[in-house]
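Take a look at the structure below.
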Amino acid sequence: MSVLLHVSDTHFGTEQPPVVAALQRLSERLQPDLLVVSGDVTQRARRRQFDAARHALGALHARRRLLLPGNHDIPLFNLVQRLVDPYRGWRRAFGPDLAPQVDEPDWLVLAVRTTRRWRHVNGQVSRRQIDATACRLRAARPEQLRIVVTHQPVQVPRPEERHNLLRNHEAAVRAWSRAGADLILGGHIHLPYVLPLTPEPHPTWVAQAGTAVSSRVRRDAPNSVNVIRYERAARRCRVERWDCSGGGAAAEFLPRGSTELRLRTS
């Protein structure tokens, strides 16, 4: 069984050191095959925040890593850099690939850059991005778990959250589901949940992570991460939510609940 640790919205610059330490202990315990970070790694895209994020995320135990920038990872107040070179800080910290991919026997994971220099909060996916991602999904091997990663959500559980939805999410979900996507991961709204996006016999699911280590938690959602376990031979997948017990010295990530995903069989 392979293990994927899904972390989002760390917002370094507002991180809680005891929670960061608890996340490191969780990664040491799990020894995940893949770490996926779905954006908003920093709070204000400042150099010292990128440095702190690179150090802390680099200390997590994972065989491979996939990181996607969020809207907080491009400058808000430095308008010149935002217009001319918005991802300069990200590239210095994490490299030039803004939409990385992982293709392994157990899974195909495709990150889609949904941030735009002219948008402060809302994300967008273009027709070209939708089609390119669908093409890669159609080329996946039948036994792979097919995952797409965006920063902004493609589905929300509450009407009052609809303004946070990814622009063009309806077209993206239709195309990616038809192309074989099993799971779409995201963050942005600091609210963890798992929802079905499309009906059987070809279900696609969304799994959102809360903020992993930031003090910017919602009243009804503590710091949390997702742990995804996949058994390739049986095409069985379980998404587990792990919540942090608190922000003090005794902080620890503990399992909160899990969802068994019914996956397509071909």
Side-chain angles (χ1 to χ4, degrees), residues 1-11 15-41 56-57 59-67 102 106-107 109 145 147-149 153 155-158 161 182-197 203-263:
M1 181 177 289
S2 294
V3 177
L4 184 156
L5 177 59
H6 174 209
V7 170
S8 198
D9 296 85
T10 51
H11 287 279
E15 77 276 15
Q16 303 169 90
V19 183
V20 174
L23 181 58
Q24 291 172 343
R25 289 192 296 273
L26 176 64
S27 72
E28 184 173 11
R29 172 182 174 183
L30 294 173
Q31 295 290 317
D33 299 281
L34 178 62
L35 169 69
V36 171
V37 183
S38 56
D40 281 0
V41 168
L57 296 175
L60 298 182
H61 295 259
R63 184 172 55 81
R64 290 194 67 176
R65 293 171 172 81
L66 179 150
L67 290 87
V102 172
D106 279 3
W107 40 48
V109 186
L145 186 68
I147 300 174
V148 179
V149 186
Q155 181 61 287
V156 291
R158 307 168 182 170
E161 301 289 350
D182 295 306
L183 185 59
I184 302 176
L185 303 180
H188 187 57
I189 61 174
H190 300 192
L191 186 66
Y193 53 89
V194 178
L195 293 172
L197 286 171
T204 300
W205 297 78
V206 60
Q208 290 282 128
T211 173
V213 300
S214 172
S215 60
R216 300 179 71 234
V217 293
R218 298 173 64 129
R219 190 181 311 175
D220 56 347
N223 294 109
S224 69
V225 298
N226 290 328
V227 176
I228 300 169
R229 303 182 191 269
Y230 179 60
E231 187 178 346
R232 178 173 34 136
R235 268 192 62 77
R236 295 182 57 186
C237 182
R238 182 172 73 250
V239 179
E240 302 170 357
R241 172 179 160 182
W242 289 64
D243 286 358
C244 192
S245 59
E252 206 67 50
F253 280 89
L254 301 170
R256 168 72 181 270
S258 66
T259 303
E260 294 282 343
L261 305 189
R262 192 183 301 273
L263 300 178

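Starting from 1, each residue takes its place in the sequence as its number.
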Practice task
Working to the nearest 0.5 Å, report the span between CD of Q208 and CG of L185.
Solution key: 8.5 Å
Problem - Min side-chain heavy-atom separation S258-R238 under 4.5 Å - result: yes
Exercise for the section: Using a 4.5 Å cut-off on heavy atoms from C-beta on, say whether the side chain of I228 contacts that of L34. Expected result: no
Exercise for the section: Quick one: do Q24 and V213 satisfy side chain to side chain contact (heavy atoms under 4.5 Å, CB included)? Show the steps, please. Expected result: CA-CA 11 Å; Q24 291 172 343; V213 300; over 6 Å; no
Handout entry: A22 to A251 - nearest heavy-atom pair and separation
Key = CB-O, 3.5 Å
Fill in the blank from the handout: All heavy atoms of N223 vs all of S214, minimum pair found to be ND2-O, 2.9 Å
Problem - R262 side, atom CZ; C237 side, atom SG - distance, nearest 0.5 Å - result: 13.5 Å
Completion exercise
On a heavy-atom basis, the closest approach of V217 and P222 is CG1-C, 4.1 Å
Practice task
Rounded to the nearest 0.5 Å, what's the gap from OG1 on T211 to CG on D40? Could you check?
Solution key: 9.0 Å
Exercise for the section: Determine, stepwise, if the pair D220 / R158 fulfils salt bridge (Lys or Arg N to Asp or Glu O under 4.0 Å). Expected result: CA-CA 13 Å; D220 56 347; R158 307 168 182 170; 2.6 Å; yes
Problem - Between CG on residue D182 and CG on residue L197, distance to nearest 0.5 Å - result: 11.5 Å
Handout entry: Minimum side-chain heavy-atom gap S2-R232 below 4.5 Å
Key = no
Exercise for the section: Ignoring hydrogens and angles, state whether a donor on the side chain of Y230 or R235 is under 3.5 Å from an acceptor on the partner side chain. Expected result: yes
Exercise for the section: Under the ring pair (Phe, Tyr, Trp, His ring centres under 6.0 Å) rule, collect the residues that match up with H11, sequence neighbours excluded. Expected result: H72, H190
Practice task
Could you pull out the closest heavy-atom pair between P192 and G210, with the gap in Å?
Solution key: CB-N, 3.9 Å
Problem - From N226 atom CG to W242 atom CH2, the distance as rounded to the nearest 0.5 Å - result: 12.0 Å
Exercise for the section: Any chance you could measure E231, atom CD, to L145, atom CG, to the nearest 0.5 Å? Expected result: 12.5 Å
Problem - Under 3.5 Å: donor-acceptor pair, side chain of D33, backbone of R63 - result: no
Handout entry: Side-chain touch L191/P157, heavy atoms, less than 4.5 angstrom
Key = yes
Practice task
Apply salt bridge (Lys or Arg N to Asp or Glu O under 4.0 Å) to E161 and list each qualifying residue two or more places apart in sequence or on a separate chain.
Solution key: R218
Fill in the blank from the handout: Smallest heavy-atom separation, Y193 atom then Q155 atom, equals OH-O, 2.5 Å
Problem - Neighbour count >12 (heavy atoms, 6.0 Å) for atom CZ, R236 - result: no
Exercise for the section: Please assess L5 against S27 for the test side chain to side chain contact (heavy atoms under 4.5 Å, CB included), listing each intermediate value before the final yes or no. Expected result: CA-CA 8 Å; L5 177 59; S27 72; 4.2 Å; yes
Practice task
Check whether any side-chain heavy atom of V7 sits under 4.5 Å from a side-chain heavy atom of R65, and report yes or no.
Solution key: no
Practice task
For residues H188 and S8, report the shortest heavy-atom separation together with the two atoms involved.
Solution key: N-OG, 4.3 Å
